[in-house]
Asker: 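Dropping the structure in here first, questions after.
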Amino acid sequence: MNFFHRALAKAAGREQVEVGQEITVPVDLTLGHDGSAEKFLAAWPPEGQAAAAERTVFTVDHLLPAPTIAARELHRRLEEFARRGQIQLFSRGEGVLHQVVAERFTPRPGWIVAGADGHVATSGAFGSLAFSLQPEELVPVALTGRLTLKVSATYTVELTGSMPPGVASRDLGLALLGHFAPGEVKGKAVLLQGESVWALTPSAQMALCNLIGEMGATTGLIIPPAEVDSGAPVDLKLAAETLEPMVACPPSPANVHPLKEMAGLPLTQVLVGGCASGRLEDMVELARGLAGRSVHPDVTLLVVPASRAVLDQMEERGLARALREQGALLLPPGCGPCPGKHLGLIAQGDRVLAATVRNTPGRMGAATGEIYLASPRAAGLAAAAGAITPVPQE
């Protein structure tokens, strides 16, 4: 068995597991947020109590500050639910769910994580097995502290060699999205290994695993080096030195091309931040792309720190002030405009370059707007130039 199946077997108290087998495992973290809380609360029984309140975590990150009366009402219901059940609620700008989990709960290899969000595989950066559920599906998990699932087949990717200068972990993630045929990893767990993957910083590993939610996989993770089974088959070997800066073009994250092919395409908005690219390392890369230049007059640059801790680091370094002085708009820690709720929605005629996770029509506002996905450095270069610009590989 590979690491994924060994971890499931251990959690289920079995010697081994088989693909397709139904098992029930205890959950180490149960996750939700205000973006999915409406349906979760509607399905919650009146006298229900979370089985492990200290490991049930909700964030207010999609709709903060509340853009509508309905959103504020939802926040108040969620706060009452948290008070009554003594669950962990972060509702004062602490940050976006996946960053809060990384900073405050320290996911570990082999942990089982279940969340009502499409990108909980971000915790796979730490070797955790993180499964995305519908809000209604999360209710029995929270009530019992256990998750019933069918054991997935796996798809293992090994990255050899070293990534060239100018290539980010998001470029690797986008390259994988473009490589997989439709449905190729649907229902499978994507496992990542290799020296280049292990050499990435924790922030870069989170950015990579964050994109697994767009692959159609059940989950994905980075196999800890000590847990690699040398006899386990590898489904895809990639030479890291062949990678280059990439961009996902409308209408889906899988429509991936080399960034240089889109050079010169004018933009009206650029976005960096949230769960995909809101860590300090991403902000440094954004600033590196800007290279001290002002934001182009035709572009709105939106910057969303992933957490309050990241914002504090940006302020301590003078990075927040520098970005504001260059023309960026710094938004509160959280999701920002990525889910299309508020704080920078797009209209017809807008073309956005975003270091986020999804670019389907209507994701950030008008379905007639265009969204391209790339790295934070590519975003910085584009914000200064007013158009998509190749990332120098030097």
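Just so you know, these numbers use all the heavy atoms, side chains as well, and skip hydrogens, waters and symmetry mates.
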Asker: Would you say H342's side chain and T68's backbone share a donor-acceptor pair under 3.5 angstrom?
Answerer: no
Asker: Kindly write out the residues that satisfy side-chain hydrogen bond (donor to acceptor under 3.5 Å, both in side chains) with T154, not counting sequence neighbours, or none if the list is empty.
Answerer: N2
Asker: Between R104 and E94, does any NZ, NE, NH1 or NH2 come within less than 4.0 Å of an OD or OE carboxylate oxygen?
Answerer: no
Asker: Heavy-atom distance under 4.5 Å between the side chains of R351 and Y372, does that happen here?
Answerer: yes
Asker: Is the closest side-chain heavy-atom distance between L176 and L236 below 4.5 Å?
Answerer: yes
Asker: May I ask you to decide whether R84 forms a salt bridge with E80, counting only side-chain N to carboxylate O separations under 4.0 Å?
Answerer: yes
Asker: Checking one residue: V234. Which other hydrophobic residues are in its cluster under the side-chain 4.5 Å linking rule?
Answerer: none
Asker: Would you mind checking if E79 and R76 are paired as a salt bridge, meaning a charged N to carboxylate O distance below 4.0 Å?
Answerer: no
Asker: Can you hop from V141 to I23 via hydrophobic side chains spaced under 4.5 Å?
Answerer: yes
Asker: Can a side-chain donor-acceptor contact be found between Q16 and E18 if the only test is distance below 3.5 angstrom?
Answerer: yes
Asker: Calculate, to the nearest 0.5 Å, the distance between atoms CD and OG belonging to Q326 and S294 respectively.
Answerer: 6.5 Å
Asker: Between R279 (side chain) and A276 (backbone), is there a donor-acceptor pair under 3.5 Å?
Answerer: yes
Asker: Looking at E54, I'd like to know if its CD atom is crowded, meaning that more than 12 non-hydrogen atoms belonging to other residues, nucleotides or ligands lie closer than 6.0 Å.
Answerer: yes
Asker: Suppose clustering is done on Ile, Leu, Val, Met, Phe, Trp and Tyr with side-chain heavy atoms closer than 4.5 Å. Which residues sit in the same group as L31?
Answerer: L29, V57, F90, L97, V100, V101, F105, W111, V113, V120
Asker: Below 4.0 angstrom, N of the basic side chain to O of the carboxylate: do R308 and E103 qualify?
Answerer: no
Asker: Looking at A181, is its backbone amide N or carbonyl O close enough to the side chain of E184 to form a donor-acceptor pair, meaning the two atoms are under 3.5 Å apart?
Answerer: yes
Asker: Is E315 salt-bridged to R321, cutoff N-O under 4.0 Å?
Answerer: no
Asker: Is it true that a side-chain atom of S91 and a backbone atom of V60 form a donor plus acceptor pair closer than 3.5 Å?
Answerer: no
Asker: A side-chain contact here means heavy atoms from C-beta on lying under 4.5 Å apart; do L302 and Q269 qualify?
Answerer: yes
Asker: Determine yes or no for a side-chain-to-main-chain donor-acceptor pair under 3.5 angstrom, with E325 supplying the side chain and L323 the backbone.
Answerer: no
